[in-house]
Amino acid sequence: MFDRILAMLAKEFIELKRDRWAMVRLIAPLVIQLVIYGYAATFTVNHVSTAVLDLDNSQVSRALISHFVATGRFDIVDYPSSQAQFNRDINTGTAVAGIIIHAGFAKGFANGAGAPLEVAVDGTNSNTALIALGYVSQIVGVFEQERAPPAVGGGIGAAPRAVNISLQARPWFNEGLDDRWFFIPGVIGTLAMMQVISLTAFAVVREREMGTLEQIMVSPIGRVEFILGKTVPFFLIGFGDVALVTGLGALLFHIPFIGGPLVLMLGSTLFLLAAIGFGLLLSTQSRTQQQAFALNFFIVNPFFILSGFAFPIAAMPVALQWFTLINPLRYYIVILRAVFLKGVGVAVLWPDFLALFMLSAIMLVVSVLRFQKSLD
Amino acid sequence: MSSAGARIAITASGVSRHFGELAAVSGVDLSIARGEIFGLVGPDGAGKTTLMRMLAGVLRPDAGSITLDGIDVLADPEAVKPRLSYMPQRFGLYEDLTVAENIFFYAELFGGAPAERRARTAELLEAAGMAPFRRRLAGQLSGGMKQKLGLVCALIHQPSVLLLDEPTTGVDPVSRRDFWAILYNLRESGVTIMFSTAYMDEAERCSRLALMHAGKVRLCDTPARLKQAMPGVLLAVSAPDPRAVRAALAEAPGVLGVLLKGDHVNLRADSTARAGEFAAILGARGIAYTAITPEAPGIEDVFVALTGAQAAS
Ligand SMILES: Nc1ncnc2c1ncn2[C@@H]1O[C@H](COP(=O)(O)OP(=O)(O)O)[C@@H](O)[C@H]1O
Ligand SMILES: [Mg+2]
């Protein structure tokens, strides 16, 4: 039986070697997506183009404006001289955010009667708007703390009101709240999953399309031997993916790697087995590569969105939360983030390991059984 | 095992398979002796491929039983595999692998001593006239070459039963000749060969053949006896416009069937004595003809007589 698996493996590697673009197709998407997530995909908003209408024109109002500029979050692109021009700036998109400091700001600030400040944001990109609004209240809060005469209450009547109690939020594990640190472990899992599921599915469907599958099935090779010979290369490729993205992440983005490599390897093994199981299952449901392509899309996208990669699972509707239970990426991302950022081991992560183990076992058994049926 | 069991290589009894409403194969009984070259003849859609796949154990029948070399294929498909070779209508080759690598891969799947394997590979490549192409990628071979490579791969493990599904469809005449030379050689060494074809002329090459139509085996015998079994006699009418002849005589008294054969029409009639009557009808209608002569029936004539269908010729 070992000879036959080796024969399959040798054949697979010769085919891979002959495929001149294989390496490009395997590696380019990884690097491109890593770079995209590393550099472009971030929740941090910087350099929001801002218009400031200073109707007070006092020393205090100018100090507030310089506070805004100093943070780097806001770029002041225009100082309109009238409300009409201010509106035009926002409407034409010249400025995404606008700040109006009304007349009497300095006076109100000094005597505690309330200093009128108005903030307008372009809500068409609600994410940016909300984040920018958050910054405004932060900046105003800091300004208030620094400048307010201690005896006087009240504060600034900003639209998003600055809280008087200063909330000390100190994020753990990712103290700079660097989005890259949050994303890149997830990128590893997502990319490995996409590649392994689709490679497995396409490779098996291709043998079916070429007629080689039927040919092989009349030889003494067993179903399990065939599947092993067929999928071991993709398992290795998946491991290569994990190693490559981890290495690049450390090199380019200085992602910490606090946990143990063995924990990562165990988690990756279980995860890749589950991904191969899904790929095989997909191949049993597809007669042609087009069908496999469409099915692949319908599996991989929901897995990606419902993995906790970008959107917290706890915020999803309950039905979708249930669905995430069969999503291997969900568990793997927990393990990846823990290994990279927290350094915890199996003692803490065992529920995720157990879930991945059961998922991969079930998927492999089901897909091998279905594979048998699909030969008819 | 009884002596009859030892002489029989393939049996099928009551083999049926449906796809939805369609009865692709229904109630087929066959018994093929060791060393036969057995032909399965029928037009496209007759059920040849479906029957072959069931014999090879890749498709399960809905009903019936199959034995190969005395082994029950349905109960023990694994036991048959080393003795059997099945070559599908389109043999699955790995196009990114060379000729030699393809052969080596299929040889590995079946096991066997490497030295023996090398000798056999060389011998088969030689017989197929493919020795100079060992290092060529399978994807770059011509259609006939691909088919011969498929046969070489299928024969590498020295099977005792060979199932070939339309092995020569779309193959050039030279490759076809090589192909048949290999098959006749195999028969010498006692290999049982069953092949399907839609070419009636190839049917003449086999020891026995089964005429298959609409999922059923209509008749099964030697080519000579099948021809005798044709009801009526055959008269060939050569004419410049055979279509007009067919139109004129199709409904004439004594005509059992008409088959257009390129430059002439084969009339199946109840007696050769009708020739004069047919000549008179053609004369009366003013249709030109050069001769009306008795003709020995071919397999296609038998097939048409039995099924009313005209197969590819
Ligand atoms: N897998 C299948 N699913 C549905 N119908 C099939 C399948 N295989 C064959 N058929 C149908 O069964 C009939 C017999 O087909 P086949 O055995 O391929 O005939 P042949 O080989 O003589 O041309 C055809 O009508 C074909 O469409
Ligand atoms: Mg066919």
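Proteins get letters first, then strands, A, B, ... in listed order; numbering begins at 1 in each.
- For B/Leu93, the part lying near chain A is the backbone, with the side chain staying farther off; criterion is any non-hydrogen pair under 4.5 Å.
- Annotation: A/Phe353, atom CZ; neighbour count of heavy atoms from other residues, nucleotides and ligands within 6.0 Å is above 12.
- For B/Tyr106, the part lying near chain A is the side chain, with the backbone staying farther off; criterion is any non-hydrogen pair under 4.5 Å.
- For chain A, the option among B/His157, B/Glu101, B/Glu78 with the highest count of heavy-atom pairs below 4.5 Å is B/Glu101.
- Partner of B/Glu95 under the side-chain contact (heavy atoms from CB on, under 4.5 Å) criterion, chosen from A/Glu15, A/Met210, A/Arg18: A/Met210.
- The choice from B/Gln89, B/Lys81, B/Met87 that makes the most heavy-atom pairs within less than 4.5 Å of chain A is B/Lys81.
- At a threshold of 4.5 Å between non-hydrogen side-chain atoms, the residues B/Asp96 and A/Ile14 do not count as touching.
- Nearest heavy-atom pair, B/Glu108 versus A/Ala7, reported as atom, atom and distance to 0.1 Å: CB-CB, 3.4 Å.
- Residue-environment remark: CZ (B/Phe19) exceeds the threshold of 12 foreign heavy atoms within 6.0 Å.
- Inspection of the A/Glu207 and B/Tyr94 side chains reveals an N or O donor paired with an N or O acceptor under 3.5 Å.
- Annotation for B/Arg176: atom CZ counts as buried by contact number, over 12 foreign heavy atoms lying within 6.0 Å.
- Within a 6.0 Å radius of CZ in A/Phe297, other residues, nucleotides and ligands contribute 12 heavy atoms or fewer.
- Within the 4.5 Å cutoff, the side chain of B/Pro88 has heavy atoms near those of the A/Gln215 side chain.
- Between atom OH of residue B/Tyr86 and atom CD of residue A/Glu214 there is a gap of 4.0 Å, rounded to the nearest 0.5 Å.
- Here the straight-line distance linking atom CZ of B/Arg90 with atom CD of A/Glu209 works out to 8.5 Å at 0.5 Å rounding.
- For the atom pair OG (A/Ser219) and CD1 (B/Ile156), the distance works out to 13.5 Å, reported to the nearest 0.5 Å.
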Point to revise | side chain to side chain contact (heavy atoms under 4.5 Å, CB included) between A/Met8 and B/Phe105, intermediate numbers included | key: CA-CA 8 Å; A/Met8 282 290 299; B/Phe105 173 66; 3.8 Å; yes

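- Among A/Ile221, A/Leu6, A/Ile216, A/Ile5, the residue with the largest count of heavy-atom pairs under 4.5 Å with chain B is A/Ile216.
- More than 12 heavy-atom neighbours from other residues, nucleotides or ligands sit within 6.0 angstrom of CZ on A/Phe235.
- Judged by distance alone, the side chain of A/Lys11 and the main-chain N or O of B/Asn102 form no donor-acceptor pair under 3.5 Å.
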